[in-house]
Structure formats: C-alpha cells, structure tokens
**Student:** 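Structure in structure tokens, see below.
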There are 4 protein chains.
Amino acid sequence: MSPEGGEQVVREPEPEPVPQRLLAAATRLFAEHGFETTSVQQIVDAAGVTKGAMYHYFGSKDDLLYEIYARVLRVQTARMEQAADSTESVQRRLRAVAVDVVVTTVTHLEDTVIFFRSMHLLHPDKQAEVRAQRRRYHERVRGLIEEGQASGVFRADRSAELVVDFFFGAVHHLGFWYRRDGPMSARQVGEQFADLLLDALRV
Amino acid sequence: MSPEGGEQVVREPEPEPVPQRLLAAATRLFAEHGFETTSVQQIVDAAGVTKGAMYHYFGSKDDLLYEIYARVLRVQTARMEQAADSTESVQRRLRAVAVDVVVTTVTHLEDTVIFFRSMHLLHPDKQAEVRAQRRRYHERVRGLIEEGQASGVFRADRSAELVVDFFFGAVHHLGFWYRRDGPMSARQVGEQFADLLLDALRV
Amino acid sequence: MSPEGGEQVVREPEPEPVPQRLLAAATRLFAEHGFETTSVQQIVDAAGVTKGAMYHYFGSKDDLLYEIYARVLRVQTARMEQAADSTESVQRRLRAVAVDVVVTTVTHLEDTVIFFRSMHLLHPDKQAEVRAQRRRYHERVRGLIEEGQASGVFRADRSAELVVDFFFGAVHHLGFWYRRDGPMSARQVGEQFADLLLDALRV
Amino acid sequence: MSPEGGEQVVREPEPEPVPQRLLAAATRLFAEHGFETTSVQQIVDAAGVTKGAMYHYFGSKDDLLYEIYARVLRVQTARMEQAADSTESVQRRLRAVAVDVVVTTVTHLEDTVIFFRSMHLLHPDKQAEVRAQRRRYHERVRGLIEEGQASGVFRADRSAELVVDFFFGAVHHLGFWYRRDGPMSARQVGEQFADLLLDALRV
DNA sequence: AATGAATGAGTGTTCATTCAT
DNA sequence: TATGAATGAACACTCATTCAT
C-alpha cells in the first residue's frame, strides 16, 4: 500500500476530510431515501468511516441534517446581501436577488429538499435557529420591495409580505418538480421566476 | 344490550365509524409529530381502538398516509373541474380555480403539510398514483391558461407550464407559513394569490 | 342465483361439505408453506368459507393438523392389520405389509410430510395419542418379525425392534426425496423397500 | 477491573464467545420447543445477551437455524470423505461410513432433529445450499456402492440410489426414536445399521 | 482519532381466537 | 350455521447511541 522504495513518491490525492465525506454521504442518502429511513450505519458505510468517527465529529444524526441546511443558508444569505446592498436600482437589485436564490436553490437542490421534508424532525431549538435565520432573509427581501413601493417604482397595493411568501413558496417548492437534466437551466428558471415576481409589482 | 322496556331510551350519539376515527387521529398526530415519529400505537390509542382493528381496515401505516392525501386530492380535483368547466370567461374561471385551491388547501392544511413532508416514504407505486393524479390536476389548469393565451386574453410570452409550477409551488408551501389564527382569512389569501397569478398573465 | 320457477332444475354438483373442504385446503397449504407459516385466514380463504365456519367445525388450528394425520393413521392401521392377519406365510405377510405402508405413505405423502414436520407443535396430549397409535402399529409389525424369527424363517440374530425402527425410518423419510412425477411408482419403491427389509432377515 | 496487586489472581474462566453461546442456546431451545415456537427473546435470554448483540452476529433467526445445521453438515462431510477415501476394501469403507454417520448424527441429534423439522422455513436460497451439500454427500456414498457393485463385491441388482435413500432415510429418522439414555450406544446402533445396509448388498 | 461490540427501548405487523349478530 | 369486526398478546427486527479499548 505505502510507497516501497523510490525517492519520488506519487501521492494519492489527499482524500476529503472525514467531516466533509460524512456530510456529502448524508446529503446524498437523505435526498435519496429520506432522513428517517437512512440509518447512521448507511451514512458511515457510504463515507467509508465508522460510527465512532461520526460521533467524534457530530453530536447526533440530527446534527448532520442541521449542518447540511445551515451551510446552504449561509451561502444564500451572503449572496443575497451582496446583491441587495449593491448600488443598482431597486428593480435590478430585486431581480438579481430573485434570480440568484433560484440558482443557488437549484445548485443545492438536494439540501433544500431534505430540509423542507425533515425540518420538523430537528430539535426545536435548532428549528428555531434556522427559522430565525430564514426570517431575516425574508425580511431583507421584503425591505427591498417596500423600498421600491415607497419610491413609487413598485405598485404599493400589493402586500410586500404576501408577495415574499408567495415567491419563496414557489422557490422552495422547486425540488418537487425541477430536474437538472430537464429542458431549462437554473438561470433560465431564475429569470422567468424573476419576471413573474416583477409582474406582480409593476405599477 | 338493546333497550329492554318500551320507554323512550336516550341514545348515545352514534360514534364515528372506526376508519374515520383512525384517519382523524392519524392526521392530527402526523401533523403534530411527523409521520415517522408517530407510532401506530399512538394512533390507535388516540382513536380509542386496538392495533388489530386498525390493520383490519388499513393494510399498513402507509395506507393511512395515502388515504389522508388521496381524499383531499379527490375533493380538490372535483371542485377545480367544476370551476374550470363553467361557462364563465377564462379569466374568471382561472381566478375561481386559483382562489378555490388556496381555500381548500388551507381547509385541509394539515393533510397537505403531512403529504409534502412524507410522500417520499410512501411505497413507490402509491407515490406514482398520487403524482399522476396531481399531474392531471396541473394539466387541466395549464389548459385553462393556454386557452386564454390562444384567445388573446392572457399574454402568450409566458410559459404556461412554468406559471403553473410557480403558482402551485406557492400554494403547496402555504403550510410553512399560513396560520389560521393569523390576520388573513383563507379567502383573502386566495384572492391575493389569484391577483398575483393574473398579474403574470395580463397582456 | 337459485332457480326461480321451472320444474326441471339443473343442479350444480353438490359441493364438498365444509369440513372436508377445510381439511383439503389445510393439507395443501401446510404441505406447501408449513403449518406455522399458514394462517387460518389463508385456509378459510382457500376453502371458500369464513373463520367463524372453521371454528364451528374445528376447535383450533391444531385440530386440523391432528385430524389430517389421524385419518392417515387409521387407514394405514386397518390395511396393515388386514395384511398381517391373513393366512399367508409370515414372509408373504411381512412383505405385503411393507409394500403397503410405502404405497399408502406415498398416497398420503403430503399428510405424512406435514405430520413429521409439525407433530411437535401439537398439544402434548394429542401428541401422546398419536404416538401411542404409531407404537401399536410398530409393535404389530415387530410381532410379525418375531414370529418369523421364532419359526426359523427369519434370522434371529437381528433385533426385531431395531429392524422395525430402521425400516419405518426409511419409510417416514420418503417425503424428503420421493417425487410422484419421478421414475418410480409407489409400488415399485414399495417392492424394493420390501426386498431390502427381507434381505436383512434372510437366514 | 484488571488485577491491581502482584499477588496471584484467580481468573474467571474465559466465557464462551457470544456467537457460540447463542448457537448453543438456540440449539437447545429449538430442539425442545421447535423453531417457530422459540422466540428470539428466549434465545438471547438463555444466552445471557441482548437482541442487539444477536443481530450483530446473525442476520436473522433463520441464520441461526442455518448455521446450526451447516456446522453439522461440514463435520459429517469431512469425516465421511476421510473414511470413503481410505485405502481399505470398499466393504470396510462403506461400513465405516455407515457407522460414522450414525454416530455423528446421534452426537448432534438435536441439530438433526431441528433441521429436518424446520428446513422448510429457511429462505429458499439457503435451503438450496443445504440440499446441494447433502446431495454431494449422498452421491459420494452412492459412488462407493457402485464401486463395489462394479468390482463384484456388492450385488449389482440393487439400485444404488434407492439403497442410499433407504439407508439415509433411516439415519435421518433416528431423532424420532433414539434416546441417549436408552439401552444402545450410538456405536451399537451404527454397527447394526451398517449390518443392515451390507445385508442388502451381499452377493 | 477511531473502533465496533453491545445496549435497550422501540417499531410495524401478524394472528389465533372470540363474540355479538 | 355462519359472519367478520375486534381483540390483545406476541413477534422479529431496527437503530441511535455509548463506551471500553
């Protein structure tokens, strides 16, 4: 197995660290078979480690689920804030945010599917944490809409809150029908979803 | 057991039949604790029967889940078809369908939540059955949109299919945020969701 | 369904009585799937009756098993006694008994298989009854051998008891290898088994 | 836990490993109460372990049954081959094989009883495995008989196959009557069974 | 950092039997 | 005679987690 003689050793590519391997395996299995129907044994087998190793890095099976979604949420929040805080017009900023959330949701479609399916199995405290983070996200977007309504570029007789719930409902449901090997790219869907959102706000 | 004398006996109100009691108990518990984390024992205890009785009427725990959602789907399909096949203008018909699906979804919000959470745990055959039924539903609504696009009352540069997926995504996600004791009635949400849908199709 | 008017009614052939139908169904199912892995529901379904009907005629599932084998044992005992008590020479009588037990065992091969597999599941009292009846059977055959040994036509240095156990062991094991659609008829096997038995007793 | 001082510690005798304890307990209980009427709980209680431990080592209750008999079959096959392949005369080799199979069958009488009673409950694949192994065993013995028939030391007008079925039928039925505390030792029965087998082949 | 044997509480499901009708 | 809904105890099996090493 190990290099026998020669000075010049050809290194195997550094394997992914154990925690990453575990998260990747868990994501795939949870998406394929569901959180509850995937056993810790299956996860560690798929990751090529043992149970002891998993419990060394993660406190519980729940922790894996939490980490999977928390990662996505961090990424989405960072990207959304960058778009929302830019110097563009509010229409362009809202459109950018809308396209981006579709694209990143599709990029992490498994994580999103897993999450909306299984959030209710998480410990209430962790559920609350994620919900709070999601709420902050929604509120920033709602702020964008209200900003446009206040400045007259968006129609003001639409409830900004309801529009946000409507739009993100559609986005969070992507996992139920979007197929990566289907006819539309993530960006195409994002553009069209953004169109539909802006339709609803056109004066 | 039966009344002995001739005097007027006060009858206990006829209790709900066992299958209905089981479905009601299962719906409540699945919504509250999730499908996988609710045991058959909890269900039969809540329904006041024994496990044997449950397995007399339902083949499995899965069957309960299936029945819960199949019932809703039957109701929604019947109501949608009535609205879609009326003699009103296509705009009014589409609006009626949109309002109605929101109202019935909210009426059966628990069932809907349960279903989208747990569909993946159903036997593949049953999943396929439900999906097929859902697809027929969507297709009828898409037909309505295409009818309007063909007759020029809806803008034709929106993908009817994408609009359907967008709209029903938002509807199916209602369970994640709508609260019956909140500020908006189901009908109010339905009217506003219908507005947003028609915005997207206005020429 | 039943004839309404006409004098000349065409009768369906009288169906087998319920108890017989139950025993026949039970025999087939026990042989195919085993006693323990056949449910009472399967038996009554196969017999085209309901559970209540079965419990009307049989006290328990055990009773079916008992009846199945008791019937065979009665037949075998009657036939054996007829052959053993005839006026032929002892060699011819023993041979006739040997051939006959093979033939009747093959005729009722399912019952025999079921019985030796499942006797231990019977209530001890019923087990004892059957054992006693079997023992009487064996003893009558042993008597035949001892009669031949006493009269000098069979070699006396073979233990009659052991020969009986040896021979009937082979007979009772027929169910493990004999196939009705195989190359040998029951009678052929019987003749050869009889040969082998008499070989062992030849002076 | 470990010895603290330098003085001579008296070690408890190393306990049997868990898998062996489980097999021993299962054998005893299956023989006493039958396979189907022995619960896994009874087995693990008797072995002094928990269910989890059992399922750590054995895939199922079936597996225990399979292992019990597979072990015996391995032993019997090895011993038979040693006797059959020796340099003795074919008569002496066949006799040695016959005596030995009786002795080892009696030594493992419980396993044999269990097996012939319960083989039909095994998964078809495992049944096939065992049958195939048994068949190889029978065929080696049949080969021995045919060898003797070809060289003229056994009478050739007996079907070797039928003789094998006859003899092993008797052997496999030992469990129904042989008692270890009875008047005959296993070896005595073996010698007499061998006599009866050779009687049938004497020219 | 990592193992893997062992735990023990819990799961969905089966089934012979009873009994009011 | 016969029904079939209902019982209730039992069953094989699973699994997240622990812990001595």
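All chains are named by letter (A, B, ...) in the order of the sequence lines, taking the proteins before the strands, and each is independently numbered beginning at 1.
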**Student:** I'd like a table of donor-acceptor pairs (distance under 3.5 Å, sequence neighbours excluded) in which one partner is a side-chain atom from residues 26-33 of chain B, with atom names and distances.
**Tutor:**
| unit_1 | atom_1 | unit_2 | atom_2 | d |
| --- | --- | --- | --- | --- |
| B:T27 | OG1 | B:L23 | O | 2.7 |

**Student:** Between E:dA2, E:dT13, F:dA16, spot the one nearest the side chain of B:K51, thanks.
**Tutor:**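 Among E:dA2, E:dT13, F:dA16, the one nearest the side chain of B:K51 is E:dT13.
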**Student:** Please examine the side chains of D:I114 and D:Y69, heavy atoms only from C-beta on, and report whether any two atoms are closer than 4.5 Å.
**Tutor:**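 The answer is no; the side chains never approach within 4.5 Å.
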**Student:** CD of C:E67 to CG of C:D111: how many Å apart, nearest 0.5 Å?
**Tutor:**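 Answer rounded to 0.5 Å: 11.5 Å.
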**Student:** B:F35 versus B:R117: any side-chain heavy-atom pair under 4.5 Å?
**Tutor:**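 A side-chain contact is absent here, since even the closest heavy-atom pair is not under 4.5 Å.
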**Student:** To the nearest Å, give me how far apart NE2 (C:H123) and C1' (E:dA16) are.
**Tutor:**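 Rounded to the whole Å, the gap is 16 Å.
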**Student:** I need the CG-P distance between D:D45 and E:dT7, as an integer number of Å.
**Tutor:**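 One finds 12 Å between P of E:dT7 and CG of D:D45, rounded.
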**Student:** Nearest-nucleotide wise, let me know which of D:P19 and B:D62 is further upstream toward the 5' end of DNA chain E.
**Tutor:**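 Counting from the 5' end, the first nearest nucleotide belongs to D:P19.
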**Student:** If you round to the nearest 0.5 Å, how far is CG of C:L73 from CZ of C:R71?
**Tutor:**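 One gets 12.5 Å once the value is rounded to the nearest 0.5 Å.
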**Student:** Mind calculating the distance between CZ (C:F58) and C1' (F:dA2) to the nearest angstrom?
**Tutor:**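 Atom-to-atom, C:F58 to F:dA2, this comes out as 15 Å.
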**Student:** Atom CG of A:L22 to atom C1' of E:dA2: distance rounded to whole Å?
**Tutor:**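 Result: 12 Å.
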**Student:** Rounding to an integer number of Å, can you tell me how far C:H56 NE2 sits from E:dT17 P?
**Tutor:**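 Rounding to the nearest Å, NE2 of C:H56 and P of E:dT17 are 17 Å apart.
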**Student:** When you measure from the side chain of B:K61, which nucleotide among E:dA2, E:dT13, F:dT7 comes out closest?
**Tutor:**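 Output: E:dT13.
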**Student:** Given F:dA12, E:dA5, E:dT3, which nucleotide is nearest the side-chain atoms of A:A53?
**Tutor:**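 Of the candidates, E:dT3 comes closest.
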**Student:** OP1, OP2 of E:dT14 versus side-chain N and O of B:Y55: anything below 4.0 Å?
**Tutor:**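 No, B:Y55 has no side-chain N/O under 4.0 Å of OP1/OP2 on E:dT14.
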**Student:** Given side chains that start at C-beta, do those of D:F115 and D:I68 come closer than 4.5 Å, heavy atoms only?
**Tutor:**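 No - every pair of side-chain heavy atoms lies 4.5 Å or more apart.
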**Student:** Mind calculating the distance between CG (D:L121) and P (F:dC11) to the nearest angstrom?
**Tutor:**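 For the pair D:L121 CG and F:dC11 P, the rounded distance is 15 Å.
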**Student:** Quick one: on DNA chain F, does B:V18 or C:G48 contact a more 5' nucleotide (nearest heavy atom)?
**Tutor:**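 That would be C:G48.
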**Student:** Between residues 23-44 of chain D and DNA chain F, which residues have a heavy-atom gap below 4.0 Å?
**Tutor:**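 Under 4.0 Å from DNA chain F: D:T38, D:S39, D:V40.
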**Student:** Counting Watson-Crick and G-U wobble pairs with both distances under 3.5 Å, what is the dot-bracket string for DNA chain E, 5' to 3', using [ ] for crossing pairs and | for pairs to another strand?
**Tutor:** .||||||||||||||||||||
**Student:** Got D:Y55 and D:V40 here, is their nearest side-chain heavy-atom distance under 4.5 Å?
**Tutor:**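 D:Y55 vs D:V40: side chains touch.
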**Student:** I want to confirm an ordering. Mapping A:V49 and C:G52 to their closest nucleotides on DNA chain E, which one lands closer to the 5' end?
**Tutor:**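 Its nearest nucleotide being more 5', the pick is A:V49.
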**Student:** Please give, in whole Å, the distance from F:dA16 C1' to A:D63 CG?
**Tutor:**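 My rounded result for the distance is 13 Å.
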**Student:** Are any of the side-chain heavy atoms of B:E36 and A:H120 separated by less than 4.5 Å?
**Tutor:**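 Sidechains of A:H120 and B:E36: in contact.
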**Student:** Taking D:R131 as the fixed residue, which of D:E129, D:Q133, D:Q127 is the one that meets the side chain to side chain donor-acceptor pair (under 3.5 Å) rule?
**Tutor:**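 The residue from D:E129, D:Q133, D:Q127 that satisfies side chain to side chain donor-acceptor pair (under 3.5 Å) with D:R131 turns out to be D:Q127.
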**Student:** Hey, are the side chains of D:D62 and D:L121 touching, using non-hydrogen atoms and a 4.5 Å cut-off?
**Tutor:**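 In short, these two side chains do not touch, never coming nearer than 4.5 Å.
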**Student:** When all nucleic acid strands are considered with a 4.0 Å heavy-atom cut-off, which category describes C:Y57: base, sugar-phosphate, or nothing?
**Tutor:**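 Result for C:Y57 = sugar-phosphate.
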